[in-house]
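Okay, so here's the structure we're looking at.
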Amino acid sequence: MKILVVGGGGREHAIVWKIAQSPKVDKIYCAPGNGGIAELAECVDIAATDIENMVKFAKDNAIDLVMVAPDDPLVLGMVDAMEKEGIRAFGPRANAAIIEGSKAFSKELMKKYNIPTANYEVFTDSTSAIDYIKAQNTFPTVIKADGLALGKGVIIAKNLEEAEAVHEMIDDGKFGKSGSRVVIEEFLTGPEVSVLAFTDGKTVKPMVSAQDHKRAYDNDEGLNTGGMGTFSPSRLYDDAKAEECMKNIFVPTIKAMSSEGRPFKGVLYFGLMMTANGVKVIEYNCRFGDPETQVVLPRLKTDLVEIMEAVIDERLDEINIEWEDNAAVCVVMASGGYPVSYKKGYEISGLDNVGDLTVFHAGTAVKDGKIVTNGGRVLGVTAIGKDLDEAIKNAYAGVAKISWTDEFHRSDIGIKKY
Ligand code: AMP
Ligand code: GLY
């Protein structure tokens, strides 16, 4: 088979790495790819959101399966566009990707189908939104831009002054069209766990659980980032929680989407919070998470291509998905200054010397035959162990061998017990 993976970050590197292990695959393309992906796939210079050229490339090169990994092309309808040309594509159609593309949609869905989540209201004018926040008078309160906002569309306002941010979202267009509608929701507390699930619209098969570390510095200090590291499994997500989620969240969500005439096929990501009143949904994503994928796929025993085909053909119930009984940790190595401002183009040393580890590239490029930094988050150093403690030790042994000017990483990935 010839497979095209759309995207070019650490998540896509992990997906390409897993697909490359399939005996069914002869050739992998990745668009746009990155410096690490280039070792496993032929990188093609097409932007992940360029639907027209992506479809043309898939047609011209007789691609057997297109795996669309990032949120924006999914929300924009890349899977629909591929299918229209008779190309098999993995991922939700636009009418189902809306579960991530519009928070107002996903909140209404959860309300309608009794799926546990934070209470909320939706607003399109800032005066009513502020009036509501004043009337509620409970802080912190959570303000979310309706649409995709590169993970930056959530504000936890500690007081009315901070809540004035709704003006920036609605009136000043800070997030463009994404922020013209906002969701204001109840602030919940509790540890967060991510569970990704394969689904063909009828059957849902959750993957092993993961947790991420979003803040830039140790002890969860500093600014929010795209993720400084992940580990799998979560220490908090036991069989009882898995059963609770299957019954109250996963199955009801899949059924709800089908009932709405929006069957979800692909990977559905459940961002969950373990609250004192049970597990609640914080967010849905319509795709594999980044950097959760980097710790989940290395634990998958089953051929990912077989699973993707079963999802496309709606026979997920017929296959058995197996996982290793081990643990994985991914430590993100970032450019100094991330997430605010940072320089690119530094040569990375030590990559040939990492032993048994897998280094997933997030922001790298090849320059004069050398791998150089090309983003804020640069590498995800991923290790397996028989348990989390061993995986943590193995991952940091790898991190110690890799360096570049101004590199930084957290030293406590995988350690949090909450
Ligand atoms: P989201 O983009 O919806 O995942 O939100 C980003 C982050 O904001 C989440 O991972 C949570 O840490 C936090 N968050 C979102 N909604 C809530 C909420 N209702 N209560 C508390 N924290 C929240
Ligand atoms: N790790 C969060 C996300 O993929 O959106």
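Small disclaimer: the values here were computed from a predicted structure and weren't measured. In listed order, ligands and their atoms are each counted from 1.
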Could you tell me whether some N/O pair between Asp290 and ligand 2 is separated by less than 3.5 angstrom?
-> yes
Please test Leu379 against Leu351 for side-chain contact (heavy atoms from CB on, under 4.5 Å), starting from the C-alpha separation and ending with a verdict.
-> CA-CA 10 Å; Leu379 304 173; Leu351 280 172; 4.0 Å; yes
In terms of heavy-atom contacts, Leu74 and Gly91 come closest through CD2-CA, 4.0 Å
Provide the number and element of each atom of ligand 2 under 4.0 Å from a heavy atom of Asn285.
-> 3 (C), 5 (O)
Polar contact flag, side-chain donor to acceptor under 3.5 angstrom, Ser335-Lys344 | no
Ring pair (Phe, Tyr, Trp, His ring centres under 6.0 Å) partners of Phe408, counting only residues at least two apart | Tyr217
Please step through ring-ring contact (aromatic ring centres under 6.0 Å, His included) for the pair Tyr284 and Tyr269, ending with a clear verdict.
-> CA-CA 6 Å; Tyr284 291 116; Tyr269 169 129; 9.7 Å; no
Gly289 heavy atoms, cut-off 4.0 Å: which ligand 2 atoms fall inside?
-> 4 (O)
Amino acids contacting ligand 1, non-hydrogen cut-off under 4.0 Å = Lys103, Ala118, Val142, Lys144, Val154, Ile156, Glu185, Glu186, Phe187, Leu188, Glu192, Lys214, Met273, Ile282, Glu283
Are any of the heavy atoms in Arg287 under 4.0 Å away from ligand 2?
-> yes
Region of Glu292 engaging ligand 2 - heavy atom pairs below 4.0 Å | side chain
Compute the minimum heavy-atom distance from Tyr269 to ligand 2 and say whether it is under 4.0 Å.
-> yes
Hey, what do you get for CD (Glu12) to CD (Gln294), rounding to the nearest 0.5 Å?
-> 8.5 Å
Do Asp313 and Arg88 meet the salt-bridge criterion of a basic N to acidic O distance under 4.0 Å?
-> yes
Give every residue pair that meets the side chain to side chain donor-acceptor pair (under 3.5 Å) criterion with at least one member in residues 96-105, sequence neighbours excluded.
-> Glu100-Arg287, Ser102-Asp146
Sequence neighbours excluded, every pair satisfying side chain to side chain donor-acceptor pair (under 3.5 Å) that has a member inside residues 29-49 = Lys27-Glu42
